[in-house]
Number of protein chains: 2
Amino acid sequence: MEKQSAKILYVEDDVNLGYVTTDNLQLHGYNTTFCKDGKAALEAFKKEPFDLCILDVMLPEMDGFELAKAIRERDKNVPIIFLTAKTLKEDKIAGFKTGADDYMTKPFSIEELLMRINVFLKRSKVNATKEELPSQFVVGKCNFDFDNLTLEVAKKKNELTQKEAELLRYFCMNKNRVLKRDEILKSLWGDDDYFMGRSLDVFVSRLRKYLKQDSSVSIENIHGVGFKLNA
Amino acid sequence: MEKQSAKILYVEDDVNLGYVTTDNLQLHGYNTTFCKDGKAALEAFKKEPFDLCILDVMLPEMDGFELAKAIRERDKNVPIIFLTAKTLKEDKIAGFKTGADDYMTKPFSIEELLMRINVFLKRSKVNATKEELPSQFVVGKCNFDFDNLTLEVAKKKNELTQKEAELLRYFCMNKNRVLKRDEILKSLWGDDDYFMGRSLDVFVSRLRKYLKQDSSVSIENIHGVGFKLNA
DNA sequence: TAAACCCATTAACATATCATTAACAATCAT
DNA sequence: ATGATTGTTAATGATATGTTAATGGGTTTA
């Protein structure tokens with residue numbers, strides 16, 4: 001298996017430090033994109049996926065905390081490391097609360113940064129379902145195209161939203177198996193609280209509405225446990 | 001749907017700090033095992049698995065680095081966090097090289113520690129759902145699938161509730177052994193009073209109803225003591 | 001810049017499930 | 001016998017789920 005070099009998004013408004021660090025990262029084999037402000041970083045993130053983000057906190061346009069939140073909304077798994085001069089306990093806590101994975105304070109040693117980068121890349125590689133997930137599914141008499149967000153049930157084409165499609169794909173990949181609520185929520189919502197649970201119920205309700213024309217398919221509730229797609 | 005609290009191994013030779021921190025961890029819902037030296041910690045780790053380790057570096061008997069290596073040999077995934085007074089860059093690098101995931105320096109804030117613990121538990125939980133735990137039991141002519149809550153008796157599929165399944169699993173894991181009422185109640189109900197006892201009787205009655213098609217299996221009452229699953 | 005739109009979330013209320021509790025019968029120990 | 005324990009079924013009520021509509025943030029369109 002060819003080892004693709006990891007893509008890192010690095011945001012730092014001190015350009016001197018920024019260039020030095022970027023050089024160092026590239027020297028160590030990381031494909032590094034360097035941005036000088038939060039807005040540019042978010043644009044870069046929207047364009048292409050990254051394997052890891054290193055963010056300064058004090059940034060022009062959009063601060064690092066806001067940026068981290070925006071990144072988390074789009075990708076709940078990508079590791080985020082703060083790298084900042086703000087050493088206060090409160091700042092650290094705030095940083096972690098945005099969904100960050102690590103918080104380093106300046107001045108820092110490049111070796112330590114490399115070590116910490118390595119920790120998270122290693123851990124996310126374990127998960128790496130980077131292998132392309134299937135896009136076409138046939139369930140009962142339904143045709144579901146994940147990439148095109150379409151679900152054909154009894155000749156009728158339905159357009160799904162991204163989240164509806166993600167949930168349906170999760171069911172399709174695990175049909176006829178009991179899926180626990182918290183597993184579903186961890187996988188698709190990234191966390192598990194009361195309101196996310198209710199949100200899941202709403203989505204299940206919508207999927208059932210699409211599927212009700214096909215009597216050979218149903219999403220069954222397992223009380224107190226989760227759901228099962230019967231097909 | 002009871003969620004199992006994460007088990008943490010915490011090693012610290014300063015007992016005062018150790019007790020305070022252990023208290024704090026337990027207060028936040030972590031099942032914490034506290035050891036005063038490296039040797040004891042390794043013994044504890046050999047006995048039972050942990051979800052996360054927090055290690056001091058300077059320890060009697062066996063230092064934290066050695067301990068980390070020994071733990072890594074047995075489990076290459078469990079998150080390891082160093083928590084130490086050694087602030088030198090070289091020490092940090094050495095720490096990460098043992099396979100550690102994080103390195104915090106004293107003095108530390110408990111909030112930050114909790115945040116960092118949370119980072120790694122959340123990430124390893126995603127992995128955890130991937131490995132399929134065996135949940136299939138064969139008793140007499142019955143097939144019991146705990147995860148899917150199904151019990152097949154003489155070609156007939158029964159759907160169990162979560163609690164029915166938990167009780168049946170408990171019997172299956174201890175078949176042909178007398179189980180005391182209070183043991184069962186402690187394990188599955190978490191406590192033992194009169195009404196829980198009656199509840200247990202109701203569940204035993206239901207399981208017997210499912211199993212009565214299979215004459216090779218029976219749940220026998222041991223008067224005044226408890227029950228035994230004969231198979 | 002505002003208006004319109006999309007869509008996930010939250011709220012609100014309706015309904016269903018299932019562990020518990022109750023009630024009574026059967027069995028056991030002494 | 002008779003009080004305690006267990007077996008069984010049904011009633012109860014807390015909690016989980018089903019469903020539709022309101023909300024509001026973010027994005028696109030006018």
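Nothing here was measured: the structure is a model prediction, and the numbers come from that model.
- When rounded to the nearest whole Å, the span between CD1 of B:I219 and P of D:dT8 equals 11 Å.
- Residue B:T161 has a polar side-chain atom (N or O) positioned under 4.0 Å from OP1 or OP2 of C:dA19.
- Among the heavy atoms of the strands lying under 4.0 Å from A:D201 is at least one base atom, whether or not backbone atoms are also near.
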Determine whether B:Y19 and B:F34 satisfy the following criterion, ring-ring contact (aromatic ring centres under 6.0 Å, His included), listing intermediate values before the conclusion. CA-CA 8 Å; B:Y19 286 143; B:F34 169 49; 5.4 Å; yes
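- The distance between the ring centers of A:F82 and A:F96 does not fall below 6.0 angstrom.
- An OP1 or OP2 oxygen of D:dG7 is reached within less than 4.0 angstrom by no side-chain nitrogen or oxygen of B:K209.
- At a threshold of 4.0 angstrom between heavy atoms, the contacts of A:Y194 with the nucleic acid are absent.
- Nearest nucleotide to the A:S205 side chain, out of C:dA29, D:dT8, D:dT20: D:dT20.
- Checking the phosphate oxygens (OP1, OP2) of C:dA19, no side-chain nitrogen or oxygen of B:W189 falls inside 4.0 Å.
- Note on A:R181: a side-chain N or O is less than 4.0 Å away from OP1 or OP2 of D:dT17.
- Counting non-hydrogen atoms under 4.0 angstrom, A:V202 reaches a base of the nucleic acid.
- Judged by distance alone, with hydrogens and angles left aside, B:R198 brings a side-chain donor or acceptor within reach of the base of D:dG7, the pair sitting under 3.5 Å.
- Comparing C:dT20, D:dT19, C:dA8 by their closest approach to the side chain of A:R206 singles out C:dA8.
- In this structure, B:F171 and B:F227 have perpendicular ring planes: the angle between them is above 60°, well past the 30° mark.
- Put simply, CE on A:M196 is 14 Å from P on C:dA11, counting in whole angstrom units.
- Atom NZ of A:K163 is surrounded by more than 12 heavy atoms from other residues, nucleotides or ligands within 6.0 Å.
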